[in-house]
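Start at 1 and go down the list; that is how both ligands and their atoms are numbered. Because only heavy atoms are used, hydrogens play no part in the values below, and waters and symmetry mates are left out as well, while side chains stay in.
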Amino acid sequence: MLGKLSTWLRILGHDTVFAADITINKDEEDEDNALISLAKQEARILLTGDKNLVLAARKKGVQCVQIKTDDAMEQLEELLRHNIALNLEPVPVRCSECNARIRKVEGGEEEILREKSYVPKSKIGAWDFWVCERCGRIYWEGSHWENMRERLKELK
Ligand SMILES: [Zn+2]
């Protein structure tokens, strides 16, 4: 339910751990405890739709927000209403797939762009591209960035 939200938060540059991506104990109570400990250790804000998890986290002094809507844009609005300091401008700093840092692809590195089928080959050399240092995903500011900016404007 929060997968899209975590993608959006990363596009906005926020360091975001998605619970489904990390390995934790399957037993439900332990899973809640593991999430709470992680949030506490790394000083993260816990975002969840689970009311019980919110209550347990608050008891342990972890800042958290109970997300009540399904749509990612509405979820961003919920965060704003809770006074979470959100950047609302897409920035090429973080991989939306894996949360690692991305860096600009330099001249002479075109080979890593050519080997990805989804990269628009005609734009190599013309556009700026970024590569994820962990998973290798390639990013660029295409029309989807404009669409995102338009949608984010509606939030302000
Ligand atoms: Zn990545």
Side-chain angles (χ1 to χ4, degrees), residues 1-26 30-50 53 57 62-65 67 69-80 82 84-156:
M1 186 181 117
L2 300 182
K4 276 228 175 74
L5 177 62
S6 91
T7 300
W8 272 92
L9 288 171
R10 288 168 178 168
I11 289 167
L12 296 170
H14 296 286
D15 176 9
T16 310
V17 176
F18 186 44
D21 293 340
I22 53 177
T23 320
I24 38 180
N25 199 310
K26 290 273 182 271
D30 284 351
E31 183 176 333
D32 281 6
N33 284 332
L35 286 173
I36 292 167
S37 306
L38 177 86
K40 192 160 187 146
Q41 271 166 25
E42 301 187 0
R44 294 179 179 279
I45 304 169
L46 185 63
L47 311 178
T48 176
D50 182 342
L53 180 53
V62 171
Q63 188 184 358
C64 53
V65 174
I67 301 293
T69 55
D70 290 330
D71 173 79
M73 295 307 284
E74 288 177 19
Q75 292 170 344
L76 286 173
E77 280 177 346
E78 286 192 67
L79 297 181
L80 291 172
H82 281 87
I84 305 296
L86 280 187
N87 170 43
L88 291 178
E89 179 69 21
V91 281
V93 298
R94 197 170 291 286
C95 178
S96 61
E97 298 286 320
C98 79
N99 196 44
R101 288 266 161 184
I102 60 177
R103 65 165 180 85
K104 213 168 204 171
V105 175
E106 307 290 345
E109 289 186 314
E110 287 81 2
E111 201 48 46
I112 63 175
L113 301 175
R114 288 185 202 288
E115 64 193 20
K116 298 284 196 299
S117 59
Y118 56 85
V119 170
K121 304 292 178 296
S122 62
K123 305 300 182 189
I124 296 174
W127 288 359
D128 286 334
F129 291 89
W130 288 264
V131 60
C132 172
E133 297 189 320
R134 187 187 294 155
C135 76
R137 190 171 169 86
I138 304 293
Y139 293 89
W140 63 94
E141 286 194 40
S143 55
H144 56 292
W145 274 56
E146 274 317 304
N147 296 339
M148 282 181 219
R149 285 202 179 96
E150 287 306 310
R151 292 190 65 190
L152 289 163
K153 264 186 214 154
E154 295 165 18
L155 294 181
K156 290 180 191 174

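- Around the Zn ion (ligand 1), the protein N, O or S atoms closer than 2.8 Å are Cys95 SG, Cys98 SG, Cys132 SG, Cys135 SG, listed by chain and residue number.
- Within the 4.5 Å cutoff, the side chain of Arg101 has heavy atoms near those of the Val93 side chain.
- Separation of atoms CG (Asn33) and CG (Leu53) is listed at 9.5 Å; rounding is to 0.5 Å.
- Because its NZ or CZ atom is both nearer than 6.0 Å to the ring centre of Tyr118 and within 45° of the ring axis, Arg137 counts as a cation-pi partner of that residue.
- Under the side chain to side chain donor-acceptor pair (under 3.5 Å) criterion, Ser6 pairs with no residue at all, not counting sequence neighbours.
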Pairs of donor and acceptor atoms involving the side chains of residues 119-130, under 3.5 Å and at least two apart or interchain, shall be tabulated with distances.
{"from": "Lys121", "atom 1": "NZ", "to": "Lys116", "atom 2": "O", "distance (Å)": "2.7"}
{"from": "Lys121", "atom 1": "NZ", "to": "Val119", "atom 2": "O", "distance (Å)": "3.0"}
{"from": "Asp128", "atom 1": "OD2", "to": "Lys104", "atom 2": "NZ", "distance (Å)": "3.4"}

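- Residues passing the salt bridge (Lys or Arg N to Asp or Glu O under 4.0 Å) test with Arg44 are Asp15, Glu42, sequence neighbours excluded.
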